[in-house]
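Here is the structure we will look at, set down as structure tokens.
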Amino acid sequence: MSNNENIKITFPDGNSKEFPKGTSSLDIAKSISKGLAEDVLVAEVNGKLVDLVMPINEDSSVKFYKFADDEGRKVYWHTTSHIMAQAVEELFPGAKFGVGPPIENGFYYDVDSEHRFTDEDLVKIEERMLDIAKRDLVTKREELKREDAIAYFKSKRVDPYKVEILEDIAKNEEYVSLYHQGGFTDLCRGPHMPTTAKLKNVKLLSVSGSYWRGDSDRQQLQRIYGISFPKKKELDDYIHLLEEAEKRDHRKIGKQLDLYSTHEEAGAGLVYWHPNGAIIRMELEDFWRKAHTDGNYELLFTPHMGKSWLWETSGHLDFYKDSMYSPMEIDEQLYYMKPMNCPFHIMIYKTHLRSYKDLPLRWAELGTVYRYEKSGVLHGLLRVRGFTQDDAHIFCTNEQIESEIIEVIRFAKYVFHSLGFDHMNYYLSTKPEKAVGEDSLWVKATDSLINALKHEGLDYKLDEGGGAFYGPKIDIKIKDALGREWQLSTIQFDFNLPERFDLKYIGEDGKEHRPFMVHRALLGSMERFFGILIEHYAGAFPLWLAPIQVAVMPIADAQLDYAKEVYHKIRNSGLRVQLDERREKIGYKIRDWETKKVPYMIVLGDKEMQAGNITVRAHKKGDLGKFELDAFISSLKEEKDTKKIN
RNA sequence: GCUGGCGUAGCUCAGUGGUAGAGCAGCGCACUUGUAAUGCGCAGGUCGGGGGUUCAACUCCCUUCGCCAGCUCCA
């Protein structure tokens, strides 16, 4: 073999090595290590994801992806969905197939079959999939002309859905690819894992209806969802996560702990905060208010409704009317419940002629708004029709915007850390196609957002063109205890409202200028945040938020007087405490307070009464032993005041 | 809106043509108790609403309301 039969392969670390022409990335992986060859699922050759078995015929850069990488995981799940289709075809001959992509968590395949799939079928399909995996079928890619593929799906393997995909979606492609594994063939771009044997653990999760190409006038297919993992532990962990999420469902815990309710007969999507929930809300609000006044915000209160003039001027009646509650007529004037607080804050801004010396103005309000959400999308506390935003508006000058954004980001970090959320992700959204405001404003504002993120040393994901029509924004998502991401905060520039309401300030030059306006919500809404908080803590709130912080329980009536003494001392120290006087066994009382997730229980029997001390039990942790009452109270006050997270 | 599932006691659920059941919670009585359920008893429901079939409907049929999951993530 002469030297010119070799090609040069460059790796991500910059190293390179020569291989014979026609070598595959799998061969390369094997030459590096056995482990890599085992784990690698797909390769990126010259920036393009390809099958591992594809021969490489020229000098190339090669990168390997395993299951731990997004790219590898997608391929793993994609091939799994093909294996599922094969299993379905074997078990239910005649089934036709729509689309079967990998998704954020797992994969699905849309199936058209006379048979209606049940949970028992899913188990059978799973078993068959593992059987197909054991057969170690090699996945083979075949490229052919589009017309030939159409002919194939019209005659050899009749599937009208694939034909439609080829005739419609893929109409601009000259060549398309098929993937074969054993007797199964599917139309697919790929790439795929080299063999079905890579599939080790799979769980089919659910089956639900879905319309062919999302069109409710078309055929409805059965969509089977599933997920798969190379390691059994990963699958077990995932199933555990699903179970845990179900246990933590805020609607369930909200009922168990008597936190809130909603009433369809009194208006869907409107939240009633029960005493226990109200305590948590008051604590959150107190914290929120103090944080804002400490952070040099001023607090506002504004009305719940406004005349149509306000919403005509703001433009909400033009672009937001469908989401607003219908107006009520008073004195021949139309009044609307507010869907946003901004116009009200602007009204306050306009009560004075503002000077550059007044800026920045940072105005915050816990403002309750009403938005008409479709009944199908309402969901517990997470999607409601009436909610209280922790809203703020910052009016500032051109020179101030960057430092203001930096402050908001720092403020958000502080607030979330205090509430027990340590993982935050940042998303920057830029100018969409339809937008108001001059380009120079967009550039200036977007730069200030980027600079602020960089200044704080924060990584962010870019959503090009994802901004609102009135300005660019940063969204902040937090991760909860189960690793789920929730979008809470948003920091948005607004070039629209200052224009519409003709906001101005007098600059140093004595001339009128338009201020920048930034909308900012941190928690998003009290209702939604409450729901997330419930799930994050699974109802076992940190001491400062717990509706009942301490339960005092005598073992028998003989210690009741002593228990009352202890109870009053704790109560007078400002802690939320309850005395359990019931004549029940101590085991019964403890179980009861444990299920209420009360952080601390104080058990008082003869021993404690005689020694003048207390025995403490902590939620989930059990007996902590004996304490002096005063010392215990001060440690609890410390825990409460520092908002300690357990 | 569409598809599927569900709607029975305060809560969690069983019942499937012969006029409704359990556990927990509640109330009463007894027990005076040492770290996740003491025992016995009582009470509690127009089986989501309306209509129909039937001698008889929680059960079957129609209709309506609500809840849950999904209907976007492109061969």
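In what follows, chains carry the letters A, B, and so on, assigned in the order in which the sequence lines appear, proteins first and then strands, with residues in each chain numbered from 1.
Ring-centre distance between A:Y179 and A:H192: below the 6.0 Å cut-off. With ring centers used as reference points, A:Y161 lies 6.0 Å or more from A:F97. Residues A:F229 and A:Y238 bring their aromatic ring centres within 6.0 Å. For A:Y600 and A:F632, the ring centers are positioned less than 6.0 Å apart. Between A:F530 and A:W273, the ring center distance clears the sub-6.0 Å criterion.
B:U12 sits 28 Å from B:G51 when the P atoms are compared, rounded to a whole Å. With both ends at atom P, the span from B:U53 to B:C61 equals 15 Å, rounded to whole Å. Straight-line distance between the C1' atoms of B:G45 and B:U8: roughly 8 Å, to the nearest whole Å. One C1' atom belongs to B:U3, the other to B:A57, and the distance between them is 28 Å to the nearest Å. Nucleotides B:C31 and B:U16, compared at atom C1', are 43 Å apart to the nearest Å. Rounded to whole Å, the separation between the C1' atoms of B:C47 and B:A22 comes to 15 Å. Across the C1' atoms, B:A43 and B:C29 are found 15 Å apart, a figure rounded to whole Å. Annotation: B:G5 and B:U19 have their P atoms spaced 29 Å apart (nearest Å).
In this structure, A:K461 is not positioned above the aromatic face of A:Y426 in the sense of NZ or CZ being under 6.0 Å from the six-membered ring centre and within 45° of the axis.
Rounded to an integer number of Å, the gap from A:K255 NZ to B:C68 P is 10 Å. The CD atom of A:Q256 sits 12 Å away from the C1' atom of B:C24 (whole-angstrom rounding). Taking atom NZ of A:K626 as the reference point, atom C1' of B:U35 lies 11 Å away to the nearest angstrom. Computed from coordinates, the A:K252 NZ to B:C6 C1' distance equals 16 Å when rounded to whole Å. If you take CG of A:D580 and P of B:A37, they are 15 Å apart, rounded to a whole angstrom. Note: CG (A:L257) to C1' (B:G10) measures 16 Å, nearest angstrom. A:M553 has its CE atom 14 Å from the P atom of B:G34, to the nearest Å. Taking atom NZ of residue A:K585 and atom P of nucleotide B:U33, one finds them 11 Å apart after rounding to whole Å.
The aromatic rings of A:Y372 and A:Y325 lie perpendicular to each other, with more than 60° between the two planes, well past the 30° mark.
Not one side-chain nitrogen or oxygen of A:H619 sits closer than 4.0 Å to the OP1 or OP2 atom of B:A36.
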Pairs under 3.5 Å (N/O, protein and nucleotides 25-30 of chain B):
{"unit_1": "B:A25", "atom_1": "OP1", "unit_2": "A:Y588", "atom_2": "OH", "d": "3.3"}

Filtered N/O pairs between nucleotides 64-66 of chain B and protein, under 3.5 Å:
none

Interface polar pairs with nucleotides 71-75 of chain B, N/O, under 3.5 angstrom:
{"unit_1": "B:C71", "atom_1": "OP1", "unit_2": "A:Y225", "atom_2": "OH", "d": "3.3"}
{"unit_1": "B:U72", "atom_1": "OP2", "unit_2": "A:G214", "atom_2": "N", "d": "3.4"}
{"unit_1": "B:U72", "atom_1": "OP2", "unit_2": "A:G214", "atom_2": "O", "d": "3.2"}
{"unit_1": "B:A75", "atom_1": "OP2", "unit_2": "A:R189", "atom_2": "NH1", "d": "3.2"}
{"unit_1": "B:A75", "atom_1": "O3'", "unit_2": "A:L187", "atom_2": "O", "d": "2.8"}
{"unit_1": "B:A75", "atom_1": "O2'", "unit_2": "A:L187", "atom_2": "O", "d": "2.3"}
{"unit_1": "B:A75", "atom_1": "N7", "unit_2": "A:R189", "atom_2": "NE", "d": "3.2"}
{"unit_1": "B:A75", "atom_1": "N7", "unit_2": "A:R189", "atom_2": "NH1", "d": "3.1"}
{"unit_1": "B:A75", "atom_1": "N7", "unit_2": "A:R189", "atom_2": "NH2", "d": "3.2"}
{"unit_1": "B:A75", "atom_1": "N6", "unit_2": "A:R189", "atom_2": "NE", "d": "2.7"}
{"unit_1": "B:A75", "atom_1": "N6", "unit_2": "A:R189", "atom_2": "NH2", "d": "3.2"}

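As judged by a 4.0 angstrom heavy-atom cut-off over every strand, A:K607 is placed among the base-contacting residues. Among the heavy atoms of the strands, none lies under 4.0 Å from A:G622.
Partner assigned to B:C27 is B:G41, using Watson-Crick or G-U wobble distances below 3.5 angstrom. Shown here, B:C74 forms no base pair; nothing in the strands shown gives a Watson-Crick or G-U wobble contact with both key distances under 3.5 Å. Look at B:A69: its Watson-Crick or wobble partner, with both distances under 3.5 angstrom, is B:U3. When Watson-Crick and G-U wobble pairs are counted only if both distances are under 3.5 Å, B:U35 pairs with no nucleotide at all. Judged by Watson-Crick or G-U wobble contacts below 3.5 Å, the nucleotide B:G18 has B:C55 as its partner. Nucleotide B:A9 has no partner under the Watson-Crick or G-U criteria, as no pair reaches both atom distances under 3.5 Å.
The listed nucleotides are B:U35, B:A69, B:C11; the one nearest the side chain of A:T615 is B:U35. In the set B:A36, B:G34, B:C68, the nucleotide with an atom closest to the side chain of A:V603 is B:G34.
Looking only at atom types and distance, the side chain of A:K473 has no donor-acceptor partner in the side chain of A:S429 under 3.5 Å away.
With a 4.5 Å cut-off on side-chain heavy atoms, A:F387 and A:M526 do not count as touching.
Within 6.0 Å of atom CZ in A:R571, 12 or fewer heavy atoms from other residues, nucleotides or ligands are found, so the atom counts as exposed in its surroundings. Other residues, nucleotides and ligands place more than 12 heavy atoms under 6.0 Å from the NZ atom of A:K96. Atom NE2 of A:H423 is surrounded by 12 or fewer heavy atoms from other residues, nucleotides or ligands within 6.0 Å.
With hydrogens and angles ignored, a donor-acceptor pair closer than 3.5 Å exists between the side chain of A:E608 and the base of B:G34.
A salt bridge (Lys or Arg N to Asp or Glu O under 4.0 Å) with A:E535 holds for exactly one of A:K247, A:R484, A:R528, A:K252; it is A:R484.
Across all non-hydrogen atoms, the minimal contact from A:M601 to A:A618 is CE-C, 4.4 Å.
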